[in-house]
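Note that the numbering runs from 1 along the sequence shown for the chain. Everything numeric here is computed off the predicted structure, so don't read it as measured data. Heavy atoms only: backbone and side chains are in, while hydrogens, waters and symmetry mates are out.
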Amino acid sequence: MVYHYDQLAPVLFGNGAIELLGEKVKELGCKKVMCVYDSGVKAAGIAPKAEASLKAAGIDYVVYDKITADPTDTLVNECGAMAIEAGVDGFVAVGGGSSMDCAKAASLLLNHPAPIEQYFTAPPSFLDCPCPVVLVPTTAGTGSEVTQVCVITYSKDHSKPSIFMRSALAIVDPELTCTVPPSVTANTGLDAFTHASEAITAKGNNPRSELLAVAAIQKIAKYLPIAVKDGSNKEARFELALAANWAGIAFADTDCHLGHTMADGISSTFHTPHGYNCILVNPEVMKLCASALPDKVQIVGEALGETFTGTETPEQIGEKTAAAVRALMRACGIKSPKEAGMGRQQFVDCYKMAMEIDFGLRMNCPVEPTAENVRAAYEQTYDNYQ
């Protein structure tokens with residue numbers, strides 16, 4: 001077996017790292033950048049910190065602040081057109097995965113003809129991006145700052161195709177996450193957990209990814225319930241930012257698999273948050289993976305604090321790991337599908353969308369996904385987490 005390790009973008013990590021933004025953008029040769037934010041980042045006072053750093057370094061900028069959850073091709077095209085008109089030579093995204101993914105995709109339109117949707121291909125297109133893109137996450141979850149993936153919602157059918165590109169730099173400042181509300185803290189932190197658990201159990205798993213993913217899960221299991229209850233806890237925020245970053249690096253090498261495909265099926269139907277959708281299905285996905293890779297699923301369970309005797313069957317390993325995941329979900333206040341207002345039949349019917357989208361992700365699962373076992377995983381998700 002030959003493994004491939006990659007580091008897609010350099011990372012600056014630490015409290016106060018946002019203050020280095022302008023200096024680093026200048027080092028990349030940029031004179032005028034497009035800053036991509038959402039309204040929450042502005043309201044939290046984070047956007048002014050980024051702008052102050054750019055001003056101090058003599059970097060001119062324009063702002064695109066129309067980001068919404070699950071950004072669409074329409075938003076990307078508008079952002080890209082505004083950047084071209086303004087004559088920018090770089091992008092800075094400060095926010096969650098939506099802001100970072102929109103900035104990534106929009107930056108491509110400086111060097112590739114619009115509209116962005118022409119690059120929605122299967123498998124995803126990899127597009128060269130000579131325009132520097134600097135990513136500053138404000139949530140501890142998506143890991144988008146260290147992956148080549150930008151996920152965009154296709155307005156035509158609400159699917160979530162991906163485009164691949166490389167950004168120039170990630171700046172991870174844990175203090176920027178201290179104002180994130182409890183529900184978003186939980187959803188994004190558990191999104192990072194799914195990145196790590198799917199990286200460990202993916203067909204393309206590798207030793208470095210596993211090392212980072214296990215460490216990420218251990219930190220999430222310990223610190224996420226603390227941060228959900230007390231968002232001002234700086235130790236918890238620091239450790240979760242590190243965990244999300246490590247989980248992002250882990251799945252950048254291996255890619256995710258069936259859990260993310262199933263989550264996209266839920267998102268297309270109910271338009272609920274990505275991280276919430278991912279964690280809902282994770283226990284049943286781990287059970288399915290245990291039939292093929294019980295040793296890897298056991299690693300996930302052990303990272304969560306579960307103990308194993310060494311005599312368990314693959315089915316028992318899957319069940320114990322799934323129970324440990326559900327315990328973490330309950331500790332973080334994650335609602336069941338029923339509590340979230342999802343009807344059982346409509347929820348189960350998400351399997352149809354899951355079998356139509358994300359073929360590459362779906363087939364990275366160690367067990368071949370079929371209409372039957374994916375449908376069963378939705379049924380068990382609904383019935384087993386109450």
Side-chain angles (χ1 to χ4, degrees), residues 4 6 8 70-71 97-98 100-101 104-105 119-127 141-144 146-154 157-165 190-206 209-210 213 247-269 272-293 296-297 300 350-378 381:
H4 174 76
D6 204 355
L8 299 178
D70 303 318
S98 295
M100 290 189 283
D101 284 358
K104 285 180 178 180
Y119 307 110
F120 294 166
T121 60
S125 302
F126 180 89
L127 300 179
T142 70
S144 183
V146 286
T147 76
Q148 63 183 351
V149 183
C150 42
V151 180
I152 304 301
T153 300
Y154 190 18
D157 60 8
H158 304 292
S159 63
K160 290 191 169 186
S162 299
I163 301 172
F164 291 167
M165 54 81 71
L190 291 170
D191 185 22
F193 167 80
T194 66
H195 294 155
S197 61
E198 290 182 38
I200 292 169
T201 55
K203 280 183 179 178
N205 64 72
N206 72 56
S209 289
E210 185 174 302
I249 296 171
F251 91 85
D253 270 354
T254 66
D255 215 340
C256 294
H257 58 77
L258 180 60
H260 274 63
T261 300
M262 291 179 65
D264 286 348
I266 298 170
S267 177
S268 298
T269 302
T272 39
H274 171 75
Y276 172 73
N277 300 333
C278 287
I279 196 60
L280 275 185
V281 301
N282 184 270
E284 303 306 327
V285 170
M286 290 297 104
K287 286 168 57 178
L288 188 63
C289 291
S291 64
L293 295 177
K296 298 299 183 182
V297 175
V300 174
C350 291
Y351 86 92
K352 299 174 183 176
M353 175 65 79
M355 293 305 294
E356 293 177 1
I357 60 177
D358 298 345
F359 177 80
L361 282 186
R362 191 167 73 244
M363 298 312 294
N364 198 29
C365 181
V367 176
E368 181 179 355
T370 65
E372 291 73 24
N373 61 23
V374 173
R375 188 179 193 280
Y378 279 111
T381 294

Give me the atom names and distance for the closest heavy-atom approach of [X] to [Y].
| X | Y | result |
| --- | --- | --- |
| Lys160 | Thr153 | CE-OG1, 3.9 Å |
| Leu8 | Gln148 | CD1-N, 3.3 Å |
| Asp70 | Ser267 | OD2-OG, 4.1 Å |
| His274 | Ala263 | O-CB, 4.5 Å |
| Gly265 | Tyr378 | CA-OH, 4.1 Å |
| Cys150 | Met165 | SG-CG, 4.2 Å |

Sequence neighbours excluded and cut-off under 3.5 Å, please list the side-chain donor-acceptor pairs for residues 254-261, or say none.
residue: Thr254; atom: OG1; partner: Ala250; partner atom: O; Å: 3.4
residue: His257; atom: NE2; partner: Thr201; partner atom: OG1; Å: 2.8
residue: His260; atom: ND1; partner: Glu198; partner atom: OE1; Å: 3.2
residue: His260; atom: ND1; partner: Glu198; partner atom: OE2; Å: 3.1
residue: His260; atom: NE2; partner: His195; partner atom: NE2; Å: 3.4
residue: Thr261; atom: OG1; partner: Arg362; partner atom: N; Å: 3.4

Mind checking what makes ring pair (Phe, Tyr, Trp, His ring centres under 6.0 Å) contact with Tyr154, not counting sequence neighbours? Phe120
Measuring from [X]:[atom1] to [Y]:[atom2], what's the distance to the nearest 0.5 Å?
| X | Y | atom1 | atom2 | result |
| --- | --- | --- | --- | --- |
| Cys365 | Leu288 | SG | CG | 5.0 Å |
| Thr147 | Ile249 | OG1 | CD1 | 10.5 Å |
| Met262 | Met353 | CE | CE | 14.0 Å |
| Tyr351 | Thr370 | OH | OG1 | 10.5 Å |
| Asp253 | Asn206 | CG | CG | 5.0 Å |

Would you call Lys287-Glu284 a salt bridge at under 4.0 Å N-O? yes
Verdict with reasoning, Met100 to Thr142, per side-chain contact (heavy atoms from CB on, under 4.5 Å): CA-CA 10 Å; Met100 290 189 283; Thr142 70; 3.5 Å; yes
Donor-acceptor check, side chain of [X] to backbone of [Y], threshold 3.5 angstrom: yes or no?
| X | Y | answer |
| --- | --- | --- |
| Asp101 | Ser98 | no |
| Ser197 | Phe193 | yes |
| Ser268 | His158 | yes |
| Asp191 | Pro273 | no |
| Ser159 | Pro161 | no |

With a 4.5 Å heavy-atom cut-off, do [X] and [Y] have their side chains touching?
| X | Y | result |
| --- | --- | --- |
| Phe126 | Pro124 | no |
| Tyr276 | Ile266 | no |
| Tyr119 | Leu127 | yes |
| Pro369 | Met363 | yes |
| Ile163 | Thr121 | no |

In chain order, what residues pass the side chain to side chain contact (heavy atoms under 4.5 Å, CB included) check against Glu210, with sequence neighbours excluded? Ile200, Val214, Lys296, Ile299
Test side-chain hydrogen bond (donor to acceptor under 3.5 Å, both in side chains) on Asn277 and Thr272; report intermediate values, then the result. CA-CA 7 Å; Asn277 300 333; Thr272 39; 2.6 Å; yes
